[in-house]
Enquirer: 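One structure coming up, written as structure tokens, with questions to follow.
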There are 2 protein chains.
Amino acid sequence: MDFDRSDSFNKQTLQEVAKKIPQLDVSSVETLLTFIKTSYKVHSLIEENLGFYGLSPGRIRVLLVMYVENDKYFTPSELADKVGITRATVTGLLDGLVRDGIVERRNHPNDRRMVMIRLTHDGVKLLNRVLPPHYLLIAQLMSGLNETERKSLVHLLEKIEQNLPDHAQTPVQEP
Amino acid sequence: MDFDRSDSFNKQTLQEVAKKIPQLDVSSVETLLTFIKTSYKVHSLIEENLGFYGLSPGRIRVLLVMYVENDKYFTPSELADKVGITRATVTGLLDGLVRDGIVERRNHPNDRRMVMIRLTHDGVKLLNRVLPPHYLLIAQLMSGLNETERKSLVHLLEKIEQNLPDHAQTPVQEP
DNA sequence: GACTTATTATTAGGTGGCTAACAGTTTTCT
DNA sequence: AGAAAACTGTTAGCCACCTAATAATAAGTC
């Protein structure tokens, strides 16, 4: 669901659209384009890296929740809430993760509606192998910004968020 | 594909992961989290708005290419290249757009492998109706940043891009 | 001119997201 | 106690993306 992928929509093209649509503010759109394009690139890169280990953004988000509390069992609902996706999507992700032996499903002892999910031993090993290069990549991505610049970036992003209409609820993260 | 949706991965959780993974640089991850979370929110909002008119990010990207050169015919390959998605995906998008009467498919007069695509009259009318509020929303999103701040944001984003490995080709945009 | 190579659009099959509907359970409320 | 309400996970069906394979056609080569 990303908007900008190529450079086909350069400034020149933008000017042409602006001729037809008076509401178009070129400066706003250019800034947004850069923003979305960068986020697409960053996202793709991380996704590509996880792909080497058979993981995906969706999978890693769910796995990380379990990784930080290793011994605990989680219900699909709990995972859905923590990750910010629907229960239906979690079911689909778990199907794959169980198939690949990364996670195990168990019946809940008291409530027969529920299922309990936990990382398998192999799942933990996988994460121990995947996470170091994952975070190394993130550190590398940010290495061009010093602490001041990072704060400044976060500050600008927060300013954008303040202009989001309230009804647009937000859910998550994957560190 | 977005990574961060909820706030389940707050700083505290991050600290815990950092204990297990020494490669994790908290400042980098925090900055990236904010970045991805904001981009997710912005993206969702735009998507939601387009949805009111039966459009999606994928559709609008393809349509915009045709909108700026209204009379021209485009081949699916051409659209794929300009938008930065595969031809297979374009085929799928066009199926829907043709079904909805927004776009028309024609045979190429000389090369029988090719197909020629063009906006229908209804398609043009739809875009004339959709684009003004679309760009109004973008202007609103950026209204919290003055010109200096926008330049500063773009500059910081470019710094991040400079640290992307080269092999990660990038494709595009939707203004 | 025939054969190989390249190109086009499409199909098939996979993924991760969504909503809506469902059956099975538990809880709540009279 | 029994009916209604609420909750759980799954399924079904849609979308937009991907890769790989395919059939049809065009272009290049010997």
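In what follows, chains are A, B, ... by sequence order, proteins preceding strands, each numbered from 1. Scope of the values below: all heavy atoms of this structure, side chains included, with no hydrogens, waters or symmetry mates.
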Enquirer: Do the side chains of B:R105 and B:D95 get close enough for a salt bridge, i.e. N-O under 4.0 angstrom?
Expert: yes

Enquirer: How is B:R106 classified with respect to the nucleic acid when contacts are heavy atoms under 4.0 Å: base, sugar-phosphate, or nothing?
Expert: nothing

Enquirer: Please report, rounded to the nearest Å, how far the P atom of C:dG16 is from the CG atom of A:L79.
Expert: 15 Å

Enquirer: Is any side-chain N or O of A:R105 closer than 4.0 Å to OP1 or OP2 of D:dT10?
Expert: yes

Enquirer: Can you check the A:F74 CZ to D:dT8 C1' distance for me, whole Å?
Expert: 18 Å

Enquirer: Give a yes/no on whether any side-chain N or O of A:T91 is located under 4.0 angstrom from OP1 or OP2 of D:dG9.
Expert: no

Enquirer: With a 3.5 Å cut-off and just heavy-atom distances, do the side chain of A:R113 and the base of D:dG9 make a donor-acceptor pair?
Expert: no

Enquirer: Between atom CG in B:N107 and atom P in D:dA26, what is the gap in whole Å?
Expert: 12 Å

Enquirer: At under 4.0 Å between heavy atoms, what does B:N110 touch on the DNA or RNA strands: base, sugar-phosphate, or nothing?
Expert: sugar-phosphate

Enquirer: Does any non-hydrogen side-chain atom of A:I46 lie less than 4.5 Å from one of A:L50?
Expert: yes

Enquirer: A:R59 or B:T75: which one's nearest nucleotide on DNA chain C is closer to the 5' end?
Expert: B:T75

Enquirer: Please report, rounded to the nearest Å, how far the P atom of C:dG24 is from the CG atom of A:D111.
Expert: 15 Å

Enquirer: Is it the case that the side chains of A:E104 and A:T120 hold a donor-acceptor pair, with the cut-off being a distance below 3.5 Å and no angle test?
Expert: no

Enquirer: Check whether any side-chain N or O of A:T89 sits under 4.0 Å from OP1 or OP2 of C:dG17, and answer yes or no.
Expert: no

Enquirer: State which of D:dT11, D:dC15, C:dT10 makes the closest approach to the side chain of A:D95.
Expert: D:dT11

Enquirer: Would you say B:R87 reaches D:dC17's phosphate, i.e. side-chain N/O to OP1/OP2 under 4.0 Å?
Expert: no

Enquirer: Just checking, is any N or O donor in the side chain of B:R106 or B:Y73 under 3.5 Å from an acceptor N or O on the other one?
Expert: yes

Enquirer: Assuming nearest nucleotide by heavy-atom distance, tell me which of A:L55 and A:R112 is located more 5' along DNA chain C.
Expert: A:L55

Enquirer: Testing the basics here: between B:L127 and B:P132, what is the closest heavy-atom pair and its distance to 0.1 Å?
Expert: O-CD, 4.1 Å

Enquirer: Need to verify one output field. Residue with the more 5' nearest nucleotide on DNA chain D, B:R99 or B:A88?
Expert: B:R99

Enquirer: Give the rounded distance in Å between these two atoms: CG of A:D100 and P of C:dG14.
Expert: 14 Å

Enquirer: To the nearest angstrom, how far is A:M114 atom CE from D:dA6 atom P?
Expert: 17 Å

Enquirer: What is the distance from CG of A:L94 to P of D:dT11, rounded to the nearest Å?
Expert: 12 Å

Enquirer: Please state how far atom CD1 in A:I60 lies from atom C1' in C:dG16, giving the value in whole angstrom units.
Expert: 15 Å

